[in-house]
Amino acid sequence: MRLAYFLVKGGDAMRAPRRLALAAALMGACSSDEPAPFPAFRHQELYERVQREVREFTVVEGDWKEDYGDAPFYALGFLARAGESDQNEEYRQLARDVEPRNVAIVTERDLLHGDVNEILMSALGLVEYMAATGDGGDLAALDELIDTINGLVAAVGYYLPAEAVPGYAMDTYGPTAVNALAALLSLQRAWVLGGDRSQELVDWAAQVGEQIEQRAWNGTYYEFNDGDVRPGLFLYPNIAMIIFESRLYQLTGDPATRDRALATYEGIQPLAITEDSGLEGPGRYRSPYSAEHMGARTDDYTTFSSQNYLILALMLLYEITGDVSYVEQVDPVLDFLERDIHGPWCVSNFHRDPCEPACSDDGACLEQSCVEDTCGTATLHHWMDGAIAEPDDPEYVCSGCNYQLLYLMWYRQNELPVRR
């Protein structure tokens with residue numbers, strides 16, 4: 001999805017205890033019960049493979065051309081985080097090379113007419129870059145964007161209606177998810193970077209959360225909007241709210257927010273593919289938001305990006321509960337991504353607009369210029385009607401999703417903070 005939000009904890013006095021404190025936290029809550037061991041990471045081959053594969057995607061002056069707007073967050077976030085944690089100078093340099101484009105997008109923003117998704121992704125990427133590198137030189141530009149967004153949302157009653165920011169994200173993921181994203185930028189700023197503004201940002205985000213609850217919570221799960229527009233159970237609004245509520249709990253300690261995150265998790269279980277579902281890929285969740293657009297004939301439809309966000313939600317549920325069963329649920333999702341939707345792709349699968357004059361048979365048209373039609377392999381966009389994505393589907397491959405997967409696997413291998 002073109003949503004994003006999450007990331008590593010940070011933030012001075014607002015930091016949660018690391019896993020080293022997990023045993024004490026659980027013992028305090030469960031007296032004599034020993035905490036379950038943290039599950040070992042068993043997808044190292046996938047992690048290494050995806051790192052090789054993302055090199056085949058097209059990037060021009062910091063702009064990943066097959067990313068659907070996600071790479072400014074996840075590519076920069078992964079490169080900066082892994083560059084520092086692994087002492088990888090190549091990744092560090094790549095992060096330095098692409099960071100100026102994020103700054104330009106944030107500085108030159110046009111929230112009413114521009115690509116709001118890419119603007120938000122760029123801001124979230126800057127949060128990660130600053131936290132990883134300690135370089136806060138562009139913090140003022142980031143805060144100016146946050147103030148602009150927060151002022152706009154506050155002016156319309158702390159809830160952006162669909163007509164306020166029309167476009168792909170609002171139409172596809174819905175106001176519940178988009179409002180959660182808008183609030184999560186402030187929560188991420190507070191959680192990862194900390195500082196004097198943290199309480200102000202958390203208080204503002206909490207007001208957005210109250211409005212989402214009043215408008216979209218139906219007692220079991222969050223609606224796409226208010227129940228009248230696209231009624232029914234959708235994955236994205238609910239995983240967005242699990243992430244929002246979990247992060248808000250980490251910043252406030254309000255048990256009501258943790259309770260709602262856990263209730264929302266229960267509410268999405270009808271979308272889960274289990275061993276008894278009669279479908280391939282148990283552990284994944286159906287994600288019907290774009291099934292009609294993609295041409296699905298059945299409800300056996302799961303997108304790559306939605307499973308990435310599902311992983312985020314599961315890891316945050318672990319962070320706020322200390323219950324390793326949520327982390328254990330991540331592995332079957334990674335199994336599905338590794339096994340079932342990995343395949344070949346070519347530049348021409350993504351860049352289809354014809355050039356004039358037409359490109360040669362071994363060329364592809366990228367922004368009105370002919371380039372070599374290089375090919376590679378990657379985790380593809382979706383699973384539909386019992387089969388992997390096809391090149392002729394409306395969407396086939398997404399570099400931003402692959403970088404998001406890298407970020408998630410990097411995070412999964414590092415310590416997850418726990419606050420019970």
| message | Parallel, tilted or perpendicular: which one describes the rings of Tyr173 and Tyr168, with boundaries at 30° and 60°? | response |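 Tyr173 and Tyr168: perpendicular rings.
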Donor-acceptor pair, side chain of [X] and main chain of [Y], under 3.5 angstrom:
{"X": "Thr379", "Y": "Asn402", "answer": "no"}
{"X": "Tyr236", "Y": "Ser306", "answer": "yes"}
{"X": "Asn179", "Y": "Pro175", "answer": "yes"}
{"X": "Asp70", "Y": "Gly400", "answer": "no"}
{"X": "Glu66", "Y": "Thr58", "answer": "yes"}
{"X": "Asp86", "Y": "Asn88", "answer": "no"}
{"X": "Asn308", "Y": "Cys401", "answer": "yes"}
{"X": "Thr257", "Y": "Asp254", "answer": "yes"}

Can you tell me how far [atom2] of [Y] sits from [atom1] of [X], rounded to the nearest 0.5 angstrom?
{"X": "Cys346", "Y": "Asp362", "atom1": "SG", "atom2": "CG", "result": "11.5 Å"}
{"X": "Leu120", "Y": "Leu181", "atom1": "CG", "atom2": "CG", "result": "4.5 Å"}
{"X": "Ile242", "Y": "Leu316", "atom1": "CD1", "atom2": "CG", "result": "9.5 Å"}
{"X": "Leu124", "Y": "Leu184", "atom1": "CG", "atom2": "CG", "result": "8.0 Å"}

Do the side-chain N and O atoms of [X] and [Y] include a donor-acceptor pair separated by under 3.5 angstrom?
{"X": "Asp373", "Y": "His351", "value": "no"}
{"X": "Tyr289", "Y": "Thr303", "value": "yes"}
{"X": "Asn225", "Y": "Thr176", "value": "no"}
{"X": "Glu84", "Y": "Thr133", "value": "no"}
{"X": "Asp300", "Y": "Thr298", "value": "no"}
{"X": "Thr264", "Y": "Asn238", "value": "no"}

| task | Output, in order, the C-alpha distance, side-chain angles, deciding distance and verdict of side chain to side chain donor-acceptor pair (under 3.5 Å) for Gln207 and Gln211. | result | CA-CA 6 Å; Gln207 293 186 74; Gln211 287 299 311; over 6 Å; no
Please find the pair of heavy atoms, one from [X] and one from [Y], that lie closest to each other, and give the distance.
{"X": "Ala177", "Y": "Pro237", "value": "CB-CA, 4.2 Å"}
{"X": "Pro282", "Y": "Thr274", "value": "CB-C, 3.9 Å"}
{"X": "Arg101", "Y": "Pro72", "value": "NH1-CG, 4.1 Å"}
{"X": "Val397", "Y": "His381", "value": "N-CB, 4.1 Å"}
{"X": "Tyr91", "Y": "Ala82", "value": "CD1-CB, 4.0 Å"}
{"X": "Ile273", "Y": "Arg286", "value": "CD1-CG, 3.6 Å"}

| request: Give the intermediate values and the outcome of side chain to side chain contact (heavy atoms under 4.5 Å, CB included) for residues Leu314 and Leu310. | output: CA-CA 6 Å; Leu314 290 170; Leu310 171 64; 4.1 Å; yes
| field | Gln93 and Asp97: CA distance, side-chain angles, deciding distance, side chain to side chain contact (heavy atoms under 4.5 Å, CB included) verdict | value | CA-CA 6 Å; Gln93 186 58 53; Asp97 289 344; 2.9 Å; yes
| request: Go through Glu338 and Arg49 one step at a time and tell me if the side chain to side chain contact (heavy atoms under 4.5 Å, CB included) criterion holds. | output: CA-CA 10 Å; Glu338 180 176 27; Arg49 186 187 79 191; 4.1 Å; yes
| message | Evaluate Thr302 against Arg284 for side chain to side chain donor-acceptor pair (under 3.5 Å), listing each step before the verdict. | response | CA-CA 8 Å; Thr302 294; Arg284 65 183 169 101; 2.7 Å; yes
| message | Between Cys365 and Cys355, does the disulfide (SG to SG under 2.5 Å) criterion hold? Intermediate values first, please. | response | CA-CA 6 Å; Cys365 186; Cys355 286; 1.9 Å; yes
| request: Given salt bridge (Lys or Arg N to Asp or Glu O under 4.0 Å), test Lys65 with Asp67 step by step and report yes or no. | output: CA-CA 6 Å; Lys65 297 299 183 181; Asp67 72 331; over 6 Å; no
| SB check Arg339 Glu45 (cutoff 4.0 Å) |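 Answer for the salt bridge query: no.
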| query | Less than 4.0 Å between a side-chain N and a carboxylate O, is that true for Arg92 and Glu89? | reply |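 Arg92 and Glu89: salt-bridged.
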Within the supplied structure, the quantity of interest is the number of heavy atoms (other residues, nucleotides, ligands) at a distance under 6.0 Å from [X] [atom1]; does it exceed 12?
{"X": "Glu292", "atom1": "CD", "answer": "no"}
{"X": "Gln87", "atom1": "CD", "answer": "yes"}
{"X": "Arg42", "atom1": "CZ", "answer": "yes"}

For [X], what residues pass the ring-ring contact (aromatic ring centres under 6.0 Å, His included) criterion, not counting sequence neighbours?
{"X": "Tyr301", "result": "His382"}
{"X": "Tyr403", "result": "Trp64"}
{"X": "Tyr221", "result": "none"}

| task | Start with the C-alpha gap between Asn150 and Ser186, add the side-chain angles, then the distance that decides, and say whether side chain to side chain donor-acceptor pair (under 3.5 Å) holds. | result | CA-CA 8 Å; Asn150 292 4; Ser186 285; 3.0 Å; yes
| query | Looking at Val127, Leu126, Leu193, which hits side chain to side chain contact (heavy atoms under 4.5 Å, CB included) with Leu139? | reply | Leu193
| query | side chain to side chain contact (heavy atoms under 4.5 Å, CB included) with Tyr129: which of Leu76, Val98, Asp138? | reply | Leu76
| request: Please report the C-alpha distance between His342 and Leu337 in whole Å, then the side-chain angles of each, then the deciding distance to 0.1 Å, and finally whether the side chain to side chain contact (heavy atoms under 4.5 Å, CB included) criterion is met. | output: CA-CA 7 Å; His342 181 259; Leu337 297 177; over 6 Å; no
| Test applied, salt bridge (Lys or Arg N to Asp or Glu O under 4.0 Å); reference residue, Arg260; option that passes from Glu213, Glu266, Glu245 |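 One option only clears the test, and that one is Glu213.
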| field | Asp196, Asp143, Asp147 screened by salt bridge (Lys or Arg N to Asp or Glu O under 4.0 Å) with Arg189, the one that passes | value |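 Exactly one option meets the salt bridge (Lys or Arg N to Asp or Glu O under 4.0 Å) with Arg189, and it is Asp143.
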| task | State yes or no: are the ring centers of Phe244 and Tyr249 separated by less than 6.0 Å? | result | no
| request: Tell me, with the steps shown, if Tyr318 and Phe38 meet ring-ring contact (aromatic ring centres under 6.0 Å, His included). | output: CA-CA 10 Å; Tyr318 162 75; Phe38 190 82; 5.4 Å; yes
| Are Arg230 and Phe224 in a cation-pi setup, meaning NZ or CZ lies under 6.0 angstrom from the ring centre and within 45 degrees of the ring axis? |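 Flagged: Arg230 positioned over aromatic ring of Phe224.
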| field | Ring-face cation of Arg81 near Trp410 (centre distance under 6.0 Å, axis angle within 45°) | value |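 Relative to the ring axis of Trp410, which defines the angle, Arg81 lies outside at least one limit.
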